[in-house]
Number of protein chains: 2
Amino acid sequence: MLFNAIRDIAVYEIGDVQVENKEISQAVIGRLPRYFRFLGELKDEGIERISSQELSDIMQVTASQIRQDFNNFGGFGQQGYGYKVEYLYEEIGKILGLYKTHNLIIIGAGNLGQALANYMNFERRGFLFKGIFDNNPELLGKKIRNMEVKSMDEMETFVRENDIDIAVLTIPKASAAEVAEKLVDIGIRGIWNFAHVDLSVPRGIQVENVHLSDSLMKLAYNINQFENGG
Amino acid sequence: MLFNAIRDIAVYEIGDVQVENKEISQAVIGRLPRYFRFLGELKDEGIERISSQELSDIMQVTASQIRQDFNNFGGFGQQGYGYKVEYLYEEIGKILGLYKTHNLIIIGAGNLGQALANYMNFERRGFLFKGIFDNNPELLGKKIRNMEVKSMDEMETFVRENDIDIAVLTIPKASAAEVAEKLVDIGIRGIWNFAHVDLSVPRGIQVENVHLSDSLMKLAYNINQFENGG
DNA sequence: AAGGGAATGTCAATGAATTGACATTATTTT
DNA sequence: AAAATAATGTCAATTCATTGACATTCCCTT
């Protein structure tokens with residue numbers, strides 16, 4: 001049982017259309033990083049084994065959900081015993097694709113772009129910061145984390161030559177759509193979008209939005225709601 | 001119909017426990033900022049009226065969901081006519097609490113904290129940047145957006161004297177829990193948490209997490225998933 | 001002023017996600 | 001080695017969210 005592979009992502013042909021079985025819901029995917037984080041901490045504390053019930057107590061989700069979630073990938077536990085922390089941690093990391101490296105560039109060297117470049121704690125998770133681009137002539141050549149800000153004109157060549165698969169968009173909304181389209185054309189696979197617009201991209205290109213102001217508005221709602229007796 | 005108030009958030013007494021009726025689900029709340037954004041853009045384009053079907057086409061959600069969502073708050077439309085863009089925009093803004101001002105401070109003047117301070121486009125939504133704090137002696141007194149970085153020792157007095165209700169946490173995870181606890185003690189109402197930990201706070205204190213690395217991991221999963229024929 | 005048409009508000013049906021229950025299977029103890 | 005114990009994997013039940021359908025209401029035209 002310990003070595004169940006990721007199972008049942010069988011692909012059937014129905015008529016002309018390819019349909020995949022057992023697509024994992026985004027609700028489940030969205031929880032994986034949190035599992036990963038808690039398991040990493042447990043591992044660092046030297047804890048070797050854990051039951052879904054214990055994890056439930058720590059993480060404040062039901063034990064049933066934990067087991068259900070892991071079972072989407074075949075189950076990583078041993079009945080009567082529980083889960084081996086390190087093994088589970090590794091497996092979730094694999095599912096998340098953290099053992100492959102991803103080369104990323106940042107588009108937009110403003111405050112946020114610079115902060116993300118420096119913040120990049122992400123390196124140890126396989127996300128390698130390869131370059132940062134901006135159109136503002138004042139920023140060109142400026143060193144950010146030992147990397148000179150490059151002109152957007154160089155972007156295309158750079159992406160092709162350096163096998164970049166992720167672009168971080170930290171530019172104003174006005175130009176975001178246009179830049180995203182270009183990035184897709186030159187072969188990017190995923191966009192981490194901090195611009196406050198919805199990007200429309202072809203199927204197969206992944207977009208993950210971080211809409212900070214949406215998040216702040218949600219906070220405001222919940223504060224007011226509570227204050228008004230909700 | 002145009003002036004339906006937010007209705008039915010009646011509060012009943014059942015035994016000793018206060019239970020509120022019609023709590024709006026977080027799924028709905030999470031969509032409000034996006035509605036707000038699209039309506040703002042429509043308004044800026046000078047569009048005065050819109051039907052749920054038209055909005056559905058633009059936003060790529062079902063018309064049914066749009067109507068259902070708005071009806072959680074009593075409905076803002078007129079049958080046979082649709083919704084008045086400006087009115088709807090205003091009402092959603094009110095629901096989100098954007099016409100009250102919120103005074104916020106940033107805890108942690110590192111890259112991200114500084115970026116958020118400068119980024120603060122949020123001002124026009126009523127989120128007023130009042131101060132930034134850090135323990136690093138090298139940062140003390142540094143000017144960030146015309147505001148000197150203050151020592152964390154000054155935090156308590158400052159919060160009380162300046163009616164601060166939101167704290168933005170951009171400090172390392174190690175100290176986040178401790179600082180959060182202190183913030184709660186001195187009367188903060190909401191925490192916008194960028195630290196990579198789950199904060200445990202008393203009921204009534206709102207926490208909105210922005211776990212950037214979780215978001216990036218999700219992106220990685222979806223990229224890999226697609227590449228492996230998912 | 002009255003009637004036709006349009007689009008909301010709302011109810012019912014469906015679908016998705018979460019929780020609960022337990023049979024099964026591995027581990028541990030005796 | 002066998003029995004007792006523990007905790008998973010999984011199925012069923014429930015709850016929550018989304019979609020569909022349509023009666024009702026209001027606007028707009030004639």
Participant: May I ask you to verify whether the side chain of Gln68(A) and the base of dT19(C) hold a donor-acceptor pair under 3.5 Å?
Facilitator: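 By the distance-only test, yes, there is a pair.
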Participant: What's the verdict on ring pair (Phe, Tyr, Trp, His ring centres under 6.0 Å) for Tyr35(A) and Tyr89(A), showing C-alpha distance, side-chain angles and the deciding distance?
Facilitator: CA-CA 8 Å; Tyr35(A) 290 129; Tyr89(A) 173 80; over 10 Å; no
Participant: Quickly work out the Gln65(B) CD to dG15(C) P distance and round it to whole Å.
Facilitator: 16 Å
Participant: Mind calculating the distance between CD (Glu23(A)) and P (dA17(C)) to the nearest angstrom?
Facilitator: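 After rounding, the reported distance stands at 11 Å.
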Participant: For Ile24(B) and dA17(D), give me the distance from atom CD1 to atom P, rounded to whole Å.
Facilitator: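 In whole Å, dA17(D) P and Ile24(B) CD1 are 11 Å from each other.
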Participant: Nearest-Å distance, CE (Met59(A)) to P (dT18(C))?
Facilitator: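 From Met59(A) CE to dT18(C) P: 13 Å.
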Participant: Between Thr62(B) and dT19(D), is there a contact of a side-chain N or O with OP1 or OP2 at under 4.0 Å?
Facilitator: yes
Participant: Just jot down the side chain to side chain donor-acceptor pair (under 3.5 Å) partners of Glu48(A), sequence neighbours excluded, or say none.
Facilitator: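 For Glu48(A), no residue satisfies side chain to side chain donor-acceptor pair (under 3.5 Å) once neighbours in sequence are set aside.
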Participant: What is the distance, rounded to the nearest whole Å, between atom OH of Tyr87(B) and atom C1' of dT8(C)?
Facilitator: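 Nearest whole value for this atom pair: 14 Å.
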Participant: Between residues 29-37 of chain A and DNA chain C, which residues have a heavy-atom gap below 4.0 Å?
Facilitator: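 Only Arg31(A) qualify.
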Participant: If the plane angle is over 60° it's perpendicular, under 30° parallel, otherwise tilted; pick one for Tyr83(B) and Phe70(B).
Facilitator: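 The arrangement is perpendicular - the two ring planes meet at more than 60°.
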Participant: Mind checking what makes ring pair (Phe, Tyr, Trp, His ring centres under 6.0 Å) contact with Phe129(A), not counting sequence neighbours?
Facilitator: none
Participant: Go through the structure and list residues passing side chain to side chain donor-acceptor pair (under 3.5 Å) with Glu90(B), not counting sequence neighbours.
Facilitator: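 So Glu90(B) forms a side chain to side chain donor-acceptor pair (under 3.5 Å) with Tyr99(B).
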Participant: Taking atom C1' of dT10(C) as reference, at what distance in whole Å does atom CG of Asn72(B) sit?
Facilitator: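 The answer, rounded to whole Å, is 12 Å.
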Participant: Tell me which pairs pass salt bridge (charged side-chain N to carboxylate O under 4.0 Å, His left out) where either residue lies in residues 171-194 of chain A, with sequence neighbours left out.
Facilitator: Lys173(A)-Glu41(B), Arg189(A)-Glu227(B)
Participant: Calculate the interatomic distance between Lys84(B) atom NZ and dT8(C) atom P; express it in whole Å.
Facilitator: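 After rounding, the reported distance stands at 14 Å.
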Participant: Using side chain to side chain donor-acceptor pair (under 3.5 Å) as the criterion, list what pairs up with Ser215(A), not counting sequence neighbours.
Facilitator: Trp192(B), Glu208(B)
Participant: Send over the distance from Asp69(B) CG to dC16(D) P, rounded to a whole Å.
Facilitator: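 Distance, rounded to whole Å: 17 Å.
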Participant: If the condition is side chain to side chain donor-acceptor pair (under 3.5 Å), which residues does Tyr119(B) pass it with, not counting sequence neighbours?
Facilitator: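 Partners of Tyr119(B) by the side chain to side chain donor-acceptor pair (under 3.5 Å) criterion come out as none, since no residue qualifies.
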Participant: Got a sec, which residues hit side chain to side chain contact (heavy atoms under 4.5 Å, CB included) with Asn118(A), two or more places apart in sequence or on another chain?
Facilitator: Ile144(A), Arg145(A), Asn111(B)
Participant: Scan nucleotides 2-8 of chain D against the protein and return all N/O pairs shorter than 3.5 Å with their distances rounded to 0.1 Å.
Facilitator:
residue	atom	partner	partner atom	Å
dA7(D)	O4'	Gly80(A)	N	3.3
dT8(D)	OP1	Ser52(A)	N	2.6
dT8(D)	OP2	Ser52(A)	OG	2.5
dT8(D)	O2	Gln79(A)	NE2	2.3

